[in-house]
Protein chains: 2
Amino acid sequence: MISFEEFIMQDGSPIYQQILLFIKRGIIAGIIKDGEELPSRRVLSALLGVNPNTVQKAYRLLEEEKLIQSLQGSRSTMVLTEEKVRSIREELLEEDARSAVQKLKQMGISREEAVELIERYWDKESNL
Amino acid sequence: MISFEEFIMQDGSPIYQQILLFIKRGIIAGIIKDGEELPSRRVLSALLGVNPNTVQKAYRLLEEEKLIQSLQGSRSTMVLTEEKVRSIREELLEEDARSAVQKLKQMGISREEAVELIERYWDKESNL
DNA sequence: TCAACTGTATTATACATATAATACACTTAA
DNA sequence: TTAAGTGTATTATATGTATAATACAGTTGA
(Lines give C-alpha, C1' and ligand atoms only; values in the text may rest on other atoms or scores of the structure.)
Protein backbone atom coordinates (compact mmCIF):
# COMPACT_ATOMS: atom_id res chain seq x y z
CA MET A 1 0.00 0.00 0.00
CA ILE A 2 1.14 3.50 -0.77
CA SER A 3 1.75 5.58 2.33
CA PHE A 4 0.96 9.16 1.44
CA GLU A 5 1.21 9.98 5.13
CA GLU A 6 4.93 10.25 4.48
CA PHE A 7 4.34 13.00 1.95
CA ILE A 8 6.06 16.18 3.03
CA MET A 9 5.02 19.41 1.36
CA GLN A 10 8.13 21.29 0.31
CA ASP A 11 7.22 24.80 -0.71
CA GLY A 12 8.66 26.17 -3.90
CA SER A 13 7.82 23.74 -6.63
CA PRO A 14 4.20 23.25 -7.74
CA ILE A 15 2.19 20.84 -5.58
CA TYR A 16 1.04 18.74 -8.54
CA GLN A 17 4.70 18.18 -9.46
CA GLN A 18 5.58 17.24 -5.88
CA ILE A 19 2.80 14.63 -5.92
CA LEU A 20 3.98 13.35 -9.31
CA LEU A 21 7.57 13.02 -8.09
CA PHE A 22 6.55 11.46 -4.78
CA ILE A 23 4.72 8.71 -6.67
CA LYS A 24 7.58 8.23 -9.14
CA ARG A 25 10.10 7.89 -6.29
CA GLY A 26 7.78 5.37 -4.66
CA ILE A 27 7.76 3.40 -7.91
CA ILE A 28 11.56 3.42 -8.02
CA ALA A 29 11.74 2.33 -4.39
CA GLY A 30 9.46 -0.60 -5.22
CA ILE A 31 6.82 0.56 -2.73
CA ILE A 32 4.29 1.25 -5.48
CA LYS A 33 3.71 -1.81 -7.65
CA ASP A 34 1.99 -2.77 -10.88
CA GLY A 35 -1.78 -3.23 -10.60
CA GLU A 36 -1.96 -1.37 -7.32
CA GLU A 37 -4.83 1.07 -6.75
CA LEU A 38 -4.10 4.72 -6.06
CA PRO A 39 -6.23 6.65 -3.58
CA SER A 40 -9.07 8.48 -5.29
CA ARG A 41 -8.56 12.15 -6.20
CA ARG A 42 -10.94 13.28 -3.49
CA VAL A 43 -9.43 11.09 -0.79
CA LEU A 44 -5.85 12.07 -1.55
CA SER A 45 -6.69 15.77 -1.75
CA ALA A 46 -8.32 15.58 1.66
CA LEU A 47 -5.35 13.64 3.03
CA LEU A 48 -2.84 16.20 1.76
CA GLY A 49 -5.03 19.21 2.44
CA VAL A 50 -4.94 20.45 -1.15
CA ASN A 51 -7.53 21.04 -3.83
CA PRO A 52 -8.91 18.00 -5.72
CA ASN A 53 -8.03 19.70 -9.01
CA THR A 54 -4.38 19.78 -7.96
CA VAL A 55 -4.36 16.02 -7.41
CA GLN A 56 -6.26 15.55 -10.66
CA LYS A 57 -3.53 17.42 -12.51
CA ALA A 58 -0.86 15.09 -11.10
CA TYR A 59 -2.96 12.04 -11.97
CA ARG A 60 -3.63 13.37 -15.48
CA LEU A 61 0.13 13.62 -16.06
CA LEU A 62 0.59 10.05 -14.79
CA GLU A 63 -2.16 9.02 -17.20
CA GLU A 64 -0.41 10.81 -20.09
CA GLU A 65 2.81 8.97 -19.24
CA LYS A 66 0.76 5.74 -19.26
CA LEU A 67 1.85 4.96 -15.69
CA ILE A 68 -1.76 4.65 -14.49
CA GLN A 69 -5.03 3.58 -16.04
CA SER A 70 -8.19 5.46 -15.14
CA LEU A 71 -11.81 4.41 -15.67
CA GLN A 72 -14.87 6.42 -14.65
CA GLY A 73 -16.33 5.07 -11.43
CA SER A 74 -13.29 3.05 -10.37
CA ARG A 75 -10.01 4.04 -8.78
CA SER A 76 -6.96 4.46 -10.98
CA THR A 77 -4.50 1.57 -11.04
CA MET A 78 -0.77 1.51 -11.66
CA VAL A 79 0.39 0.11 -14.99
CA LEU A 80 4.09 -0.64 -14.62
CA THR A 81 6.65 -2.69 -16.50
CA GLU A 82 10.29 -3.31 -15.63
CA GLU A 83 11.26 -1.14 -18.54
CA LYS A 84 9.13 1.79 -17.35
CA VAL A 85 10.55 1.55 -13.82
CA ARG A 86 14.10 1.44 -15.17
CA SER A 87 13.37 4.49 -17.32
CA ILE A 88 11.94 6.51 -14.44
CA ARG A 89 14.84 5.48 -12.23
CA GLU A 90 17.38 6.80 -14.71
CA GLU A 91 15.46 10.01 -15.23
CA LEU A 92 15.12 10.89 -11.54
CA LEU A 93 18.49 9.66 -10.29
CA GLU A 94 20.21 11.57 -13.09
CA GLU A 95 18.36 14.79 -12.32
CA ASP A 96 18.56 14.64 -8.51
CA ALA A 97 22.24 13.73 -8.38
CA ARG A 98 23.19 16.26 -11.05
CA SER A 99 21.26 19.02 -9.29
CA ALA A 100 22.75 18.25 -5.87
CA VAL A 101 26.32 18.10 -7.16
CA GLN A 102 25.91 21.34 -9.08
CA LYS A 103 24.70 23.22 -6.01
CA LEU A 104 27.45 21.87 -3.76
CA LYS A 105 30.12 22.69 -6.33
CA GLN A 106 28.79 26.23 -6.64
CA MET A 107 29.34 26.61 -2.90
CA GLY A 108 32.98 25.60 -3.25
CA ILE A 109 32.46 22.33 -1.39
CA SER A 110 35.08 19.67 -2.04
CA ARG A 111 34.25 16.14 -3.10
CA GLU A 112 35.26 14.83 0.30
CA GLU A 113 33.19 17.43 2.14
CA ALA A 114 30.21 16.57 -0.04
CA VAL A 115 30.40 12.89 0.83
CA GLU A 116 30.77 13.74 4.53
CA LEU A 117 27.76 16.04 4.28
CA ILE A 118 25.55 13.41 2.65
CA GLU A 119 26.56 10.81 5.21
CA ARG A 120 25.87 13.16 8.08
CA TYR A 121 22.39 14.10 6.81
CA TRP A 122 21.63 10.48 6.01
CA ASP A 123 21.33 9.81 9.71
CA LYS A 124 19.55 13.09 10.48
CA GLU A 125 16.73 12.52 7.98
CA SER A 126 13.83 10.54 9.33
CA ASN A 127 13.35 7.16 7.74
CA LEU A 128 10.89 6.79 4.88
CA MET B 1 34.92 39.51 -10.12
CA ILE B 2 31.64 37.66 -10.23
CA SER B 3 31.33 35.39 -13.22
CA PHE B 4 27.70 35.24 -14.15
CA GLU B 5 28.67 33.51 -17.36
CA GLU B 6 28.62 30.35 -15.24
CA PHE B 7 24.97 30.88 -14.43
CA ILE B 8 22.88 27.98 -15.70
CA MET B 9 19.16 28.50 -15.95
CA GLN B 10 17.40 25.52 -14.38
CA ASP B 11 13.75 25.54 -15.24
CA GLY B 12 11.25 24.99 -12.48
CA SER B 13 12.04 27.46 -9.74
CA PRO B 14 11.52 31.20 -10.29
CA ILE B 15 14.38 32.96 -12.09
CA TYR B 16 14.72 35.66 -9.43
CA GLN B 17 15.25 32.92 -6.84
CA GLN B 18 17.81 31.19 -9.00
CA ILE B 19 19.73 34.47 -9.29
CA LEU B 20 19.47 35.00 -5.53
CA LEU B 21 20.77 31.49 -4.78
CA PHE B 22 23.52 31.75 -7.39
CA ILE B 23 24.82 34.87 -5.67
CA LYS B 24 24.50 33.35 -2.20
CA ARG B 25 26.41 30.24 -3.28
CA GLY B 26 29.08 32.51 -4.75
CA ILE B 27 29.32 34.25 -1.39
CA ILE B 28 29.76 30.92 0.38
CA ALA B 29 32.40 29.84 -2.14
CA GLY B 30 34.29 33.07 -1.39
CA ILE B 31 34.08 34.20 -5.01
CA ILE B 32 31.88 37.15 -4.14
CA LYS B 33 33.51 39.38 -1.52
CA ASP B 34 32.64 42.31 0.72
CA GLY B 35 32.68 45.68 -1.03
CA GLU B 36 32.54 44.15 -4.47
CA GLU B 37 30.29 45.73 -7.10
CA LEU B 38 27.49 43.71 -8.66
CA PRO B 39 26.67 44.14 -12.34
CA SER B 40 23.91 46.69 -12.89
CA ARG B 41 20.35 45.39 -13.24
CA ARG B 42 20.30 46.19 -16.94
CA VAL B 43 23.68 44.61 -17.67
CA LEU B 44 22.91 41.41 -15.79
CA SER B 45 19.47 41.06 -17.34
CA ALA B 46 21.00 41.38 -20.81
CA LEU B 47 23.71 38.89 -19.88
CA LEU B 48 21.21 36.31 -18.63
CA GLY B 49 18.60 37.07 -21.27
CA VAL B 50 15.88 37.87 -18.75
CA ASN B 51 13.77 40.91 -17.94
CA PRO B 52 15.39 43.73 -15.91
CA ASN B 53 12.49 43.55 -13.47
CA THR B 54 13.38 39.94 -12.72
CA VAL B 55 16.94 40.90 -11.79
CA GLN B 56 15.60 43.85 -9.82
CA LYS B 57 13.45 41.49 -7.77
CA ALA B 58 16.49 39.38 -6.87
CA TYR B 59 18.50 42.49 -5.96
CA ARG B 60 15.62 43.87 -3.91
CA LEU B 61 15.61 40.69 -1.84
CA LEU B 62 19.40 40.94 -1.37
CA GLU B 63 18.83 44.53 -0.25
CA GLU B 64 16.15 43.44 2.23
CA GLU B 65 18.56 40.85 3.65
CA LYS B 66 21.13 43.66 3.92
CA LEU B 67 23.59 41.71 1.78
CA ILE B 68 23.97 44.59 -0.69
CA GLN B 69 23.77 48.36 -0.51
CA SER B 70 22.12 50.27 -3.34
CA LEU B 71 22.34 53.98 -4.15
CA GLN B 72 20.69 55.71 -7.10
CA GLY B 73 23.17 56.28 -9.89
CA SER B 74 25.83 53.85 -8.64
CA ARG B 75 26.10 50.10 -8.83
CA SER B 76 25.09 48.04 -5.81
CA THR B 77 27.91 46.77 -3.62
CA MET B 78 28.16 43.70 -1.43
CA VAL B 79 28.01 44.26 2.32
CA LEU B 80 29.33 41.10 3.94
CA THR B 81 30.58 40.12 7.37
CA GLU B 82 32.00 36.80 8.50
CA GLU B 83 28.87 36.28 10.54
CA LYS B 84 26.58 36.83 7.53
CA VAL B 85 28.60 34.44 5.37
CA ARG B 86 28.53 31.80 8.08
CA SER B 87 24.78 32.24 8.43
CA ILE B 88 24.14 31.87 4.68
CA ARG B 89 26.43 28.86 4.56
CA GLU B 90 24.47 27.08 7.25
CA GLU B 91 21.16 27.97 5.65
CA LEU B 92 22.04 26.70 2.16
CA LEU B 93 24.13 23.67 3.08
CA GLU B 94 21.41 22.56 5.46
CA GLU B 95 18.68 22.91 2.84
CA ASP B 96 20.57 21.46 -0.14
CA ALA B 97 21.90 18.44 1.74
CA ARG B 98 18.60 17.76 3.46
CA SER B 99 16.70 17.99 0.18
CA ALA B 100 19.11 15.72 -1.70
CA VAL B 101 19.14 13.08 1.03
CA GLN B 102 15.35 13.12 1.31
CA LYS B 103 14.90 12.52 -2.43
CA LEU B 104 17.46 9.70 -2.57
CA LYS B 105 15.93 8.01 0.47
CA GLN B 106 12.48 8.22 -1.09
CA MET B 107 13.88 6.28 -4.04
CA GLY B 108 15.10 3.51 -1.76
CA ILE B 109 18.75 4.32 -2.43
CA SER B 110 21.16 3.03 0.22
CA ARG B 111 23.72 5.23 1.95
CA GLU B 112 26.53 3.55 0.05
CA GLU B 113 24.76 3.92 -3.30
CA ALA B 114 24.16 7.60 -2.55
CA VAL B 115 27.83 8.25 -1.89
CA GLU B 116 28.79 6.39 -5.07
CA LEU B 117 26.25 8.41 -7.02
CA ILE B 118 27.56 11.73 -5.74
CA GLU B 119 31.14 10.76 -6.48
CA ARG B 120 30.25 9.65 -9.99
CA TYR B 121 28.41 12.88 -10.81
CA TRP B 122 31.16 14.93 -9.23
CA ASP B 123 33.38 14.12 -12.16
CA LYS B 124 30.59 14.42 -14.75
CA GLU B 125 29.63 17.95 -13.75
CA SER B 126 31.61 20.66 -15.49
CA ASN B 127 33.83 22.69 -13.18
CA LEU B 128 32.53 25.98 -11.79
C1' DT C 1 28.72 70.37 -19.29
C1' DC C 2 26.40 66.43 -20.67
C1' DA C 3 25.79 61.96 -22.56
C1' DA C 4 25.59 57.52 -20.77
C1' DC C 5 24.95 54.87 -17.17
C1' DT C 6 22.77 53.86 -12.67
C1' DG C 7 18.71 52.58 -9.19
C1' DT C 8 13.84 52.87 -8.76
C1' DA C 9 9.00 52.95 -9.96
C1' DT C 10 4.69 52.31 -12.60
C1' DT C 11 1.38 50.23 -15.83
C1' DA C 12 -0.11 46.61 -18.78
C1' DT C 13 -0.23 41.94 -20.46
C1' DA C 14 0.27 36.94 -20.33
C1' DC C 15 0.79 32.56 -18.33
C1' DA C 16 1.03 29.01 -14.53
C1' DT C 17 -0.62 27.58 -10.25
C1' DA C 18 -4.09 26.80 -6.72
C1' DT C 19 -8.55 27.08 -4.78
C1' DA C 20 -13.69 26.91 -4.84
C1' DA C 21 -18.06 25.39 -6.34
C1' DT C 22 -20.49 22.66 -9.27
C1' DA C 23 -22.06 19.16 -12.52
C1' DC C 24 -22.47 14.62 -14.83
C1' DA C 25 -21.70 9.79 -15.96
C1' DC C 26 -20.04 5.56 -14.24
C1' DT C 27 -19.03 1.73 -10.65
C1' DT C 28 -19.44 -0.49 -6.38
C1' DA C 29 -21.40 -2.39 -2.41
C1' DA C 30 -25.04 -2.64 0.98
C1' DT D 1 -32.31 -0.70 -6.39
C1' DT D 2 -29.84 2.90 -4.64
C1' DA D 3 -26.74 5.61 -1.96
C1' DA D 4 -22.00 6.51 -1.86
C1' DG D 5 -17.88 6.81 -4.09
C1' DT D 6 -15.45 7.33 -8.48
C1' DG D 7 -13.24 9.85 -12.78
C1' DT D 8 -13.91 13.87 -15.48
C1' DA D 9 -15.12 18.54 -16.82
C1' DT D 10 -16.28 23.47 -16.44
C1' DT D 11 -16.33 28.19 -14.64
C1' DA D 12 -14.67 31.71 -11.67
C1' DT D 13 -11.29 33.94 -8.71
C1' DA D 14 -6.80 34.95 -6.72
C1' DT D 15 -1.90 34.99 -6.61
C1' DG D 16 2.91 34.65 -8.29
C1' DT D 17 6.01 35.01 -12.03
C1' DA D 18 7.87 37.08 -16.18
C1' DT D 19 7.91 40.25 -19.88
C1' DA D 20 7.41 44.86 -22.12
C1' DA D 21 7.46 49.71 -22.34
C1' DT D 22 8.23 53.80 -20.03
C1' DA D 23 9.58 57.34 -16.85
C1' DC D 24 12.41 59.91 -13.50
C1' DA D 25 16.19 61.13 -10.43
C1' DG D 26 20.88 60.43 -9.24
C1' DT D 27 26.02 59.38 -10.52
C1' DT D 28 29.97 59.01 -13.42
C1' DG D 29 33.44 60.05 -16.70
C1' DA D 30 34.99 62.02 -21.00
Side-chain angles (χ1 to χ4, degrees), chain A residues 1-2 4 7-24 32 34-80 95 99, chain B residues 1-2 4 7-24 32 34-80:
Chain A
M1 175 53 187
I2 311 165
F4 279 95
F7 185 87
I8 300 168
M9 195 87 84
Q10 32 190 359
D11 32 16
S13 63
I15 299 173
Y16 76 89
Q17 276 188 17
Q18 295 182 41
I19 296 173
L20 190 68
L21 287 175
F22 184 80
I23 292 174
K24 283 188 175 183
I32 302 177
D34 180 63
E36 190 166 355
E37 278 186 344
L38 284 175
S40 78
R41 278 78 165 158
R42 289 173 179 84
V43 165
L44 183 53
S45 68
L47 195 62
L48 302 183
V50 302
N51 194 277
N53 297 338
T54 302
V55 175
Q56 163 62 8
K57 186 163 187 178
Y59 278 29
R60 183 172 54 74
L61 293 174
L62 286 173
E63 181 85 34
E64 286 174 3
E65 292 192 53
K66 301 189 195 306
L67 296 177
I68 66 172
Q69 189 180 27
S70 302
L71 292 174
Q72 273 208 348
S74 305
R75 280 196 289 282
S76 299
T77 57
M78 303 302 310
V79 181
L80 298 175
E95 175 50 28
S99 165
Chain B
M1 175 54 187
I2 311 165
F4 278 96
F7 186 87
I8 299 169
M9 194 87 85
Q10 33 191 1
D11 32 15
S13 64
I15 299 173
Y16 76 89
Q17 276 187 16
Q18 294 182 39
I19 296 172
L20 190 69
L21 287 176
F22 183 81
I23 293 174
K24 283 188 174 182
I32 301 177
D34 180 62
E36 191 166 354
E37 278 185 345
L38 284 176
S40 78
R41 278 78 163 159
R42 290 172 179 84
V43 165
L44 183 53
S45 67
L47 194 63
L48 301 183
V50 301
N51 195 277
N53 296 339
T54 303
V55 176
Q56 163 61 9
K57 186 164 186 178
Y59 279 28
R60 183 172 54 76
L61 292 174
L62 286 173
E63 180 86 34
E64 286 173 3
E65 291 192 52
K66 299 188 195 307
L67 296 177
I68 66 172
Q69 188 178 28
S70 303
L71 292 173
Q72 272 206 348
S74 305
R75 280 196 290 282
S76 299
T77 57
M78 303 301 310
V79 181
L80 300 175

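Any value given below was found using the heavy atoms of this structure, including those in side chains, with hydrogens, waters and symmetry copies removed. Proteins get letters first, then strands, A, B, ... in listed order; numbering begins at 1 in each.
- For the pair A/Q18 and A/I8, the tightest heavy-atom approach, listed with the atom from each and the gap, is OE1-O, 4.1 Å.
- A/L71 has its CG atom 12 Å from the P atom of C/dC26, to the nearest Å.
- The backbone N or O of A/V79 sits nowhere less than 3.5 Å from a side-chain atom of A/Q69 that would complete a donor-acceptor pair.
- Residue-to-nucleotide proximity on DNA chain D shows that, of B/G73 and A/Y59, the 5′-proximal contact is made by A/Y59.
- Within the nucleic acid shown, A/Y16 comes within 4.0 Å of sugar-phosphate atoms alone, with no base atom in reach, counting heavy atoms only.
- Contact annotation: side chain of B/R75 to base of C/dG7, donor-acceptor pair absent below 3.5 Å.
- To the nearest angstrom, C1' of C/dA14 lies 14 Å from CD1 of B/I15.
- Nearest-nucleotide mapping onto DNA chain C: of A/Q72 and A/Q18, the residue sitting toward the 5' end is A/Q18.
- Donor-acceptor pairing under 3.5 Å is lacking for the side chains of B/R60 and B/S70.
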Criterion side chain to side chain contact (heavy atoms under 4.5 Å, CB included) on B/E36 and B/L80, from CA distance to verdict: CA-CA 10 Å; B/E36 191 166 354; B/L80 300 175; over 6 Å; no
Intermediate values then yes/no, side chain to side chain contact (heavy atoms under 4.5 Å, CB included), B/L61 and B/Q17: CA-CA 9 Å; B/L61 292 174; B/Q17 276 187 16; 5.7 Å; no
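- Rounded to whole Å, atom C1' of C/dA18 lies 14 Å from atom CG of A/L48.
- Chain A approaches DNA chain D over the interval D/dG5 to D/dT10, counting the first and last nucleotide 5' to 3' with an atom under 4.0 Å from its heavy atoms.
- Note on ring orientation: taking the six-membered ring where Trp is involved, the planes of B/F22 and B/F4 are tilted (angle from 30° to 60°).
- Side chain of A/S99 to main chain of A/E95: no donor-acceptor pair is present (N/O by atom type, distance under 3.5 Å, no hydrogens or angles).
- As a whole-Å value, the separation of B/N51 CG from C/dT8 C1' is 14 Å.
- In this structure, B/Q69 atom CD and C/dT6 atom C1' are separated by 15 Å, rounded to whole Å.
- Here the C1' atom of nucleotide C/dT28 and the CD atom of A/E37 are 11 Å apart, to the nearest Å.
- Across all strands shown, B/R42 has heavy atoms under 4.0 Å from base atoms, whether or not it also approaches the sugar-phosphate.
- Put simply, A/K57 has a side-chain N or O that comes within less than 4.0 Å of OP1 or OP2 on C/dT17.
- Across the protein-nucleic acid pair, B/E64 atom CD and C/dT8 atom P stand 11 Å apart, rounded to whole Å.
- Between A/T54 and C/dT19, a side-chain N or O to OP1/OP2 separation shorter than 4.0 Å is present.
- In this structure, B/N53 places its CG atom 16 Å from P of C/dT13, rounding to the nearest Å.
- Nearer the 5' end of DNA chain C, as judged by each residue's closest nucleotide, is the contact made by B/S76, out of A/S74 and B/S76.
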